[in-house]
Amino acid sequence: MAGKKESNFINMFTSLLVISFVAGISLGSVYNLTKAPIAAAAAKKMEDALRLVLPDFDSIQPIKLKSAFEPDSLLVFQGFQNGQLTGWAVKTWSKKGFGGEVNLIAGFKPDGSIKNISVLDHKETPGLGDKMQASKSDWYRQFLDKNPADFRLKVKKDGGDVDAITAATISSRAFTEAVDRAWQTIENAKKEGGNE
Amino acid sequence: MNDILLFTLLTLCLLAIVLAVVLYFVAQKFKVIEDPKIDLVEDVLPKANCGGCGFPGCRNFAEVTVKAANENNSLGDLNCPVGGNEVMKQVASILGLEVQEKDPLIAVVRCNGSFAHSPAKVRFDGPASCAFAHQLFAGEGGCQYGCLGLGDCVASCIFDAIHMDATTGLPVVNDLCTACGACVKACPRGIIELRSKGKKDRRIFVSCINKEKGGPAKKNCEAACIGCSKCQQVCPHDAIVMANNLAYIDFVKCKLCRKCVEVCPTDAIHEINFPPRKPKLEYTETNTQPPGGHDRLEKVQPVQNKTVDIE
Amino acid sequence: MNKLVISGSPHIHDHDSVSKIMYTVVLAMIPAMLASFWFFGFDSLRVMLVAVISALLMEWATQKFLLKGPLTINDGSAVVSGILLAFNLPAGIPSWMVVAGAFVMIGVAKMTFGGLGKNPFNPALVGRVFMLISFPVEMTKWPVPRPLFATRLADAITGPTALGLFKEGVDAGQSAQTMLHASQMPTEIARFFGEMGGSLGEVSAIAILLGGAYMVYKKVIDWQLPLSILLTAFLFSGLFYLINPAVYAPPMFHLLTGGLILGAVFMATDMVTSPMTIKGKVVFGVGIGLLTVTIRLWGSYPEGISFAILIMNAFTPLINKAFKPKRFGSDVLKTAKI
Amino acid sequence: MNQIQNFTKGLLKENPILVQVLGTCPTLGVTTSAFNGLGMGLATTFVLTMSNIVISLVRDFIPDKVRIPAFIVIIASFVTVVELVMQGFLPALYEQLGLFIPLIVVNCIVLGRAEAFASKNKPFSSMIDGLGMGFGFALALTVLGSIREFLGSGAVFNVKIIPGDLMLVFILAPGAFIALGYLIAITRKLKDHI
Amino acid sequence: MEYIIIIISAVFVNNIVLAQFLGICPFIGVSNKIPTALGMSGAVLFVITLATIVTWLVQVYVLNPLGIQFLQTIAFILIIAGLVQMVEIILKKLSPGLYSALGVFLPLITTNCAVLGVAILTIQKDFNLIHGVVFAIANSLGFGFALVLFAGIREHIEIMEVPEGMKGVPIALVTAGILALAFMGFSGLV
Amino acid sequence: MMKLATFRIGGVHPPENKLSANEPIIRLPLPKQLVIPLSQNLGAAPKPVVKKGDEVKKGQLIARGEAFISANLHAPASGKIAKIDDAVDSSGYRRMAIFLDVTDDEWMEGIDSTDELIHQNLPSSEVIRERIKEAGIVGMGGAAFPTHVKMMIPEEKKAEVLLINGVECEPYLTSDHRLMLEKTQEIILGIRILMKAIDVKRALIGVENNKPDAINRLQQFCNADNGIEVHALKVKYPQGGEKQLIKALLGREVPSGKLPIEVGCVVSNVGTAFAVYEAVQKNRPLIERVVTVTGKKLTKPSNFLVRIGTPMSALIEAAGGMPVDTGKIVNGGPMMGKALPTTDIPITKGSSGVLLVDQSESRRSTPNTCIRCARCVTVCPMGLEPYLLARISKLSLVERAEKERIMDCIECGSCQYTCPSALPLLDYIRLGKQRTASYLRNRK
Ligand SMILES: Cc1cc2nc3c(=O)[nH]c(=O)nc-3n(C[C@H](O)[C@H](O)[C@H](O)COP(=O)(O)O)c2cc1C
Ligand SMILES: Cc1cc2nc3c(=O)[nH]c(=O)nc-3n(C[C@H](O)[C@H](O)[C@H](O)COP(=O)(O)O)c2cc1C
Ligand SMILES: Cc1cc2nc3c(=O)[nH]c(=O)nc-3n(C[C@H](O)[C@H](O)[C@H](O)COP(=O)(O)O)c2cc1C
Ligand SMILES: Cc1cc2nc3c(=O)[nH]c(=O)nc-3n(C[C@H](O)[C@H](O)[C@H](O)CO)c2cc1C
Ligand code: SF4
Ligand code: SF4
Ligand code: SF4
Ligand code: SF4
Ligand code: FES
């Protein structure tokens, strides 16, 4: 290692500077190159989630609706196909999960029936409450195409129509409550003609 | 140039500058904390961390050697027994010094109180620890100098160079021995000695340290040195000294002529790695097996294994 | 004459042995075993047998093939662990899961550390928590107890444990009072004798206390440890009951439900994993009591004693360091007594 | 040095995880499935190899005292590249690996190899070393991921082998520690036998 | 109350070592003796808190306004590396006592994921500065708690005879696994 | 009855097995040859003042203790010195001994050979100490510490109480018990001499409650005697340990590493008191002692008055001969005694008993592993953690051992006696003590 530089101030300073300079240039460039794909990927993710729960759409309009149970509001995406409303996707929640909060997106058709539900995050027990996730079990399918107007959104134990997950009534209750919150919110908004 | 690129550059360079300034401070404040030679020396050491050199570990030994070289310009008697001359030469050359050659040493077990030679008179019931047994009593065979056979030396050797022979109940040293001296320290009876390896690995030594008079010594062990001085008389090189009813062969003076071996009435003198002398002795020699050992072994009925395993 | 033996003093021994201690514990568990047989029938026998046999098998196999040391399966410790694991399981648990749990219990929690006496954590509880997290569905299905001679239904009906029922109800917004008197809730007396949903060994408080008394009498355990757990749990849960009886259950409910008594009497007292001195044991017990109630009241699991004991097991070395026995000569009284 | 040996030493003899026990956090954090393990392993391999090459190229121009910061800048740059690329093109994996991608920068193996090897050796050797170590890392991660995935959910690389779940604990934190513990013990045994 | 929740969460429920897998190397490496574990915990507490403050400021006042969040990794690690060095100098000057207690651990900390991890998590969780500091302290406490507990167990294990094949790292990992198993009992507390 | 006093922490209660409690002390006939080991006391061995061929009279000085801690030796009988050579001692090691061929049993001149009690004329404390020293008296409680050294109270300390150890807590042993019954008055006189020697006004005799006859008898004579009290103590081993005895009688704790004088106490055995009486009032040196010979299979467990130097085989013969299945011979009691390799070993000043253990009991059970049951901790009278001490001794961690107070261990054996895993705890602790002691010496 003949050419090893001595550790004097100038050497230290310049070598670090040069390295940072080169690193800066390369990173900046890489960033510029990947900026578009990253943005696209993020957009796609949101769209994918909505695609899952909403009927076909070509444009999305986010609105805030006053929650049916609380003074807060919920984020709702309205899907339009050729300017025609095709459904709502409601970002909803429940705090009654076994492990705490459960967040999900519930999609409704214009007639108020459920299109699909996608769990965003939860802290339920793996193997029990996490069966609410589409990737873990088909339990959520019992909600599809049901209209909460005649499908009572309560677990059977509480006098509703929902079959609870085996040994996870609490999680099922939370899930059901979140969906109910979304549905009631939409229904209220429908009645009041919306409050954007 | 777009903004992002510019900001990236600026931020990174700024950070780099700050860092350079900070580090410059460090560099200034704490110039050369340690002698780089320490690392170099440590690199050539065997890293067994056995403590054979008398210091807690190889790193520590490296520090000591560097210090010695800087202060006294000599390594004195600092020695890494494990690495041997080879390593010490390298260390010396790193430090720019000469090192005098040391005779290679090896551990030697100076007791021949095997099950056969010194049959157990009592039975020990306790932890397999020579140190404890030594504190408690004279030993199963009755010889208060002899090997207790519980293997403290074996446990102390990190080089796997010493093991118990199940048939004799005595430890045997093999070629892996690096003369680190751990077993010497571990043996509560002081039976193990570091001796010159000898030419062609041949060595002759009195395999007994019993200081009792002939009678009592022989009472407990057939192979004891009884202090009869015959070997001293026959030695042409004055290599044998008698003290406390015990013969000792000085390995510096000993020329390996083997005369003493023949005259010893109890076969207490051992020769190792010599070619068989007479066709009469047809066995090959092992480290601690005395001439005639096998014959005797057959006469005596086998004794139970001495070691008591605890835990 | 035969050879004299030389050994250090003392030359006599009180002839108690590890296996005697362990079989004393087995004896002490018999009332609880009978109770579980009474309430859960042959399923309880199946679970206990499978647990004990697989525990012994695992211990034998690891000692024979991995540790290559002496075989000590007859010292009884694996039997104790096996039965205690079974005591912590619901009666309907599939046998293969019991085998897996027992293997983890002995293989991971015990033999990995070198076997009896060296494990820092209670093996049966490691096995139990492992199963609880691995097989949550099966581990939370509690067969409804039916005394042996009552008319038996064709297939087992499952129901929640008293604690689970309570927690679920309160979480769902019911008041504590309603839940305590809900139809499914076992009565106080039932809770004491064990006619309620739960794991094999935990249901009958009286049977466990009987065993505990026997162990105290036999000097296998110190009474201070279980008592400190129960007392702490009683006081701590009682405090919250006083603050808000609408949300929190009364202390007696906490004492008699779940595995609190089982844990306090048989599992926290495992000498291998609990502190050595009485003072240390009391600290250990208070810790378990606090943690148990904390987990029950605010955690996600309805039952907390297993976790509480395991967590305190982790504290045991520190407790042992902090609470040394009182050294002789440490309090020097200058005044004469007589 | 023999380049083949240089490459293979990372696989078992000096395996960064199983023998040297470096970089334990990503090892435990991401190996919930074989696929995640492999992804993380390859990302690390990339950073390791590239930074080894670059450091080996510039090693003579860097004064000793700023060696570490300079190395960190280089390594961090490559980590950022991986981050950006993954975010753009493999968003799903990026989400799974999460925090552990930026943490590659503090992974002791990367800096360790830079210090111990690249700063003393030629670029080609350094590249081979980086590849070897990286593959060793990836191998260990994949094996651990497979074990945990199989024991946890009865699948390997998302292919179900046993219907239903097995022992969920292996997907969770405790299982990670325990599985790695035994894997290291087994590796030691294997190493002694080879 | 918020702070208490952050602390309980970081120390017990989402313990940085046992649940989040950060800082495992020192957790395994310097947990042989209780005093060492205490020293390391102290050093980590100091560095994590300081690093979180500085990185938060840099993120909020430099990276965010300039739109160069992608430089987070490189900027943070440089800051941490520089900071650790600086702390070392300052400590040596101002408080040699503290330095000899904590200083030896400082070099270990640069390559400890916990520091960078907590800094990044603070940003990801959108904490304000005060929350960030509490979060950092809580996590270091969680680290120290786990480390000291673990050191106690390991001192105990050291005295007992562990099977040859499991000695050292394997037994430490299995123990950590069981500890993590026990800590799962805290889930749901917050 | 009131609750009996005892020490506070630890202790065990092994079966008492006092087989020879009702056997009166018998004088054993003199053997042909006596072998008198030089080293019979704690401290340095005395130097012989006779040589081979010398004729000596019973009671004549044959070796003088020159070092500070050392004790004189006297001829136990009249005869001729056969040789001064090494002889196997109780550990099997060969040590120097004086071999005496016995010719007759005549006391040397100037020694009072009558049995008459002498109450009066207590000399001054200096003279008492000098006589004790001349007589070669060592502690008869087992440790054989030279008594005159014990009587020299350091100047800055003040002795307040003399404690007389009549506890005899070792199972099987009855020599002190018999001595208290048969030589009560002599003992009381000896106590008064000792009180004068160390200038105290109070003496307490501690006797365990399993010897009610001895307590009664002592009390008879104490009533008149001011300042001497007899206290019955609860039966608990190791009550006889001096620190435990002080705790039991006075509630004082001797600080770690300190001597009893630290709390104003001096402890002596009843046998010592008897020997002191004989030395001071009758001018008799210490040449004989009471030895219990016992064992479950022995035909006649007995208490013998034995001359120092008599081989143990003679005692065993007199007690009915060695049972065939004897597996272990113990010099002393079963808790603290030493196992012997042969019976050709002479009785010394410190031998209090010979115990023959039959084969079935002589081997220890196979040790298991420690299950941390804490029984050893509970029974340790010194408040130590034997399981830990044994482990760290095995690992040679001397510094840790010192911190855990290994040097406080009194080697009572309670821990090993009670360990359900049958671990050789005390064996390891002894090893650790030895290593720690040498480490401490080197550090100084
Ligand atoms: C380890 C464990 C995990 C649990 N996890 C959940 C869960 O994720 N979701 C849930 O609703 N209940 C969970 N529970 C609660 C019980 O299963 C509870 O008895 C159940 O919710 C009510 O029983 P049921 O659903 O059969 O009516 C869990 C219980 C335990 C012991
Ligand atoms: C070096 C040494 C000095 C002693 N000095 C005194 C002393 O000055 N006063 C005293 O009363 N005892 C002294 N002793 C005796 C002890 O207190 C104790 O009686 C003796 O060691 C035997 O006690 P044991 O049978 O309980 O082991 C001394 C002991 C030793 C080893
Ligand atoms: C564990 C233990 C038990 C002892 N038991 C007795 C006993 O029973 N009787 C006795 O006189 N001395 C006993 N000793 C010795 C005493 O500690 C102490 O040395 C003795 O009483 C002092 O008196 P001495 O110097 O006259 O012998 C015992 C010592 C120890 C360590
Ligand atoms: C009083 C007592 C309680 C015990 N409790 C347990 C227990 O809770 N779990 C267990 O696995 N073993 C228990 N054992 C058995 C034994 O101690 C256990 O297997 C060891 O922890 C294994 O090293 C117990 C033993 C006794 C004597
Ligand atoms: S045999 Fe003795 S001297 Fe030789 S290596 Fe082993 S311990 Fe060292
Ligand atoms: S030579 Fe070895 S086995 Fe023999 S006494 Fe010495 S240490 Fe023990
Ligand atoms: S008595 Fe024995 S088993 Fe119990 S703690 Fe002590 S050493 Fe261990
Ligand atoms: S021998 Fe020592 S450690 Fe054991 S009980 Fe007695 S004093 Fe305590
Ligand atoms: S990888 Fe996380 S601390 Fe080393």
Side-chain angles (χ1 to χ4, degrees), chain A residues 1-49 99 120-121 123-131 133 135-138 165-168, chain D residues 32-33 50-51 54-96 105 118-122 152-155 158 164-175:
Chain A
M1 280 174 252
K4 195 101 194 167
K5 286 279 197 299
E6 221 184 297
S7 297
N8 62 28
F9 188 72
I10 300 296
N11 273 347
M12 284 163 67
F13 190 82
T14 41
S15 58
L16 262 190
L17 208 58
V18 170
I19 288 185
S20 323
F21 193 80
V22 176
I25 299 228
S26 5
L27 279 184
S29 326
V30 173
Y31 177 69
N32 281 337
L33 285 177
T34 53
K35 201 166 152 188
I38 290 175
K44 186 161 176 302
K45 192 183 157 208
M46 190 65 211
E47 194 184 318
D48 281 349
L120 294 175
D121 59 67
K123 291 185 199 138
E124 304 308 279
T125 317
L128 279 182
D130 77 341
K131 292 218 169 97
Q133 265 175 281
S135 56
K136 299 278 163 156
S137 85
D138 288 342
I165 302 169
T166 322
Chain D
T32 46
S33 73
M50 294 309 288
S51 54
V54 173
I55 286 167
S56 163
L57 281 172
V58 301
R59 71 199 140 113
D60 284 346
F61 305 105
I62 301 175
D64 246 10
K65 286 283 177 271
V66 289
R67 200 175 67 232
I68 302 285
F71 292 175
I72 289 180
V73 173
I74 294 167
I75 295 167
S77 306
F78 283 111
V79 172
T80 312
V81 169
V82 170
E83 219 180 329
L84 291 172
V85 170
M86 214 180 242
Q87 210 175 349
F89 301 102
L90 291 166
L93 185 61
Y94 178 75
E95 208 142 276
Q96 288 278 328
V105 74
S119 68
K120 293 179 189 149
N121 284 286
K122 296 233 161 60
S153 55
N158 292 333
D165 291 336
L166 265 176
M167 294 169 272
L168 286 167
V169 87
F170 282 98
I171 300 196
L172 304 171

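Note that the coordinates shown come from a computational prediction; the quantities given were computed from them, not determined experimentally. In what follows, chains carry the letters A, B, and so on, assigned in the order in which the sequence lines appear, proteins first and then strands, with residues in each chain numbered from 1.
Of all the heavy atoms in Ala23(A) and Val73(D), the pair that sits closest is CB-CG1, 3.9 Å. Across all non-hydrogen atoms, the minimal contact from Ser15(A) to Phe61(D) is CB-O, 3.8 Å.
In this structure, chain A has a heavy atom under 4.5 Å from the side chain of Leu172(D), while its backbone stays farther away. Heavy atoms closer than 4.5 Å to chain A are found in both the backbone and the side chain of Leu84(D). Contact of Lys44(A) with chain D is not made at all, since no heavy-atom distance falls under 4.5 Å.
Under the side chain to side chain donor-acceptor pair (under 3.5 Å) criterion, the residue pairs touching residues 73-84 of chain D are Glu83(D)-Thr73(E), with sequence neighbours excluded.
A distance of 11.5 Å separates CD1 of Ile72(D) from CD1 of Ile19(A), quoted to the nearest 0.5 Å.
Considering only residues two or more places apart in sequence or on other chains, Tyr31(A) meets the ring pair (Phe, Tyr, Trp, His ring centres under 6.0 Å) condition with Phe70(E).
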